[in-house]
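Just so you know, ligand 1 is whichever comes first in the structure, and atom 1 is the first atom listed for that ligand.
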Amino acid sequence: MTAAFDRLVVATLPLVPRAFVRRVASRYVAGETLDDALSTVRALAAEGAMATLDILGERVTRKEQTEAMRGQYLRVIDAIASKGLDANVSVKPTAVGLAIDPALALDNCAEICARAAAHGMFVRLDMEDSPYTEPTLRLALELKAKFPAVGVALQAYLKRSLKDLDRLIAAGMNVRICKGIYVEPRAIAWRERAAIIDSFGALVDKHLSAGCYAAIATHDEACVQHALATIDRLRLGPDRYEFQMLLGVDPVLRRSLLDAGHRLRVYVPFGGDWYAYSTRRLKENPSIARQVIRATLGLGPAA
Ligand SMILES: Cc1cc2nc3c(=O)[nH]c(=O)nc-3n(C[C@H](O)[C@H](O)[C@H](O)COP(=O)(O)OP(=O)(O)OC[C@H]3O[C@@H](n4cnc5c(N)ncnc54)[C@H](O)[C@@H]3O)c2cc1C
């Protein structure tokens, strides 16, 4: 399949029936229920991997929806703790109200962080699209002042990120470094793959050199290789960083990092609101055309 054809299929994805998208996307999502998610966490633990649980849903518009999301996170945290699993939670700030009112998001997150802290658990704020970059960083810094076990994500494609990292380093923040998944204007985001990889490496180097804990979230061998070289140069023990990967993406790379003794955490999304997350994943999968067509034709997943 040519890249042009892949792009054509991606453009027509909204026309593909949701049932087909769901079938192809099921590898990226643990299921609809908390039990589904906990089974996935157990399976990952058997492989030697840790997990971070994400309840699907984003950009909600009503306060009651944010309260429902907060309640679900509290139940997830209690379940992880009561079952003694090596997992934490990842929260999308707009799912708890950042697009409605930053104060609402702060209240909801503070409750989530307080419950997590009671169990000695870490909470990560995901980073969403650029209108929420600054509000998310502020939210993370406000939470960090009260709850030590809070971290945030930074996106290597954003030109501002290297500078933003200064504030996070000053706060001693645990930062997840990823490339970034949203479509951003060229004025604020690098577009070239090489530039994004360089930016990713610069963020990892700066954060680890400052003595801060980094979560290196990528499936790109070039980014992994650069991070490994930095870890080696700085002589960091495996308690100073972790690799992170998405559920359903590149189990071979996952295995090789675990076998080499690195800590690795898998991002495990679950819940009924799977469509937006799944289509973002499908759009970055180079074999999407083949898979969507197979599902649309009623064929099983490609090997
Ligand atoms: C744990 C984790 C948390 C994340 N959190 C955020 C966040 O908070 N905010 C944000 O904007 N982004 C987040 N991302 C997404 C990230 O920004 C990238 O979009 C995504 O990880 C793909 O980038 P990559 O570094 O893997 O490089 P890519 O160059 O996209 O991928 C490298 C290789 O990985 C494989 N691959 C990548 N994606 C897929 C896929 N979907 N299906 C099959 N194969 C694939 C392909 O073989 C590809 O060649 C997160 C990613 C991870 C791993």
- Message: Counting only heavy atoms, tell me which of Ser130, Cys178, Pro269, Ser90 gets closest to atom 13 (C) of ligand 1.
- Response: Cys178
Quick one: which ligand 1 atoms are inside 4.0 Å of a heavy atom on [X]?
X: Ala153; value: 8 (O)
X: Leu246; value: 2 (C), 51 (C), 52 (C), 53 (C)
X: Gln155; value: 9 (N), 10 (C), 11 (O)
X: Tyr28; value: 40 (C), 41 (N), 42 (N), 43 (C)
X: Arg281; value: 15 (C), 41 (N)
X: Tyr182; value: 11 (O)
X: Asp126; value: 8 (O)

- Query: Closest heavy-atom contact between Ala30 and Asp36?
  - Reply: O-CB, 3.5 Å
Determine whether a donor-acceptor pair (N or O, by modelled atom type, separation under 3.5 Å) exists between the side chain of [X] and the backbone of [Y].
X: Arg124; Y: Val152; answer: yes
X: Tyr28; Y: Tyr277; answer: no
X: Arg176; Y: Leu125; answer: no
X: Ser82; Y: Ala79; answer: yes
X: Ser199; Y: Ala195; answer: no
X: Arg254; Y: Val249; answer: no
X: Tyr157; Y: Tyr182; answer: yes

Is there a polar contact, in the sense of an N or O pair closer than 3.5 Å, between [X] and ligand 1?
X: Met127; value: yes
X: Lys179; value: yes
X: His219; value: yes
X: Thr218; value: yes
X: Ala217; value: no

- Message: Using a 4.0 Å heavy-atom cut-off, which part of Arg176 comes near ligand 1: side chain, backbone, both, or neither?
- Response: side chain
- Query: With backbone taken as N, CA, C and O and side chain as the heavy atoms from C-beta onward, which portion of Gln244 lies under 4.0 Å from ligand 1: side chain, backbone, both, or neither?
  - Reply: both
- Quick one: does NZ or CZ of Arg265 land under 6.0 Å from the six-membered ring centre of Tyr267, within 45 degrees of the ring axis? no
- Item | Sub-4.0 Å heavy-atom contact, Cys223 with ligand 1 | no
- ring-ring contact (aromatic ring centres under 6.0 Å, His included) filter on His262, not counting sequence neighbours, yields Tyr241, Phe243
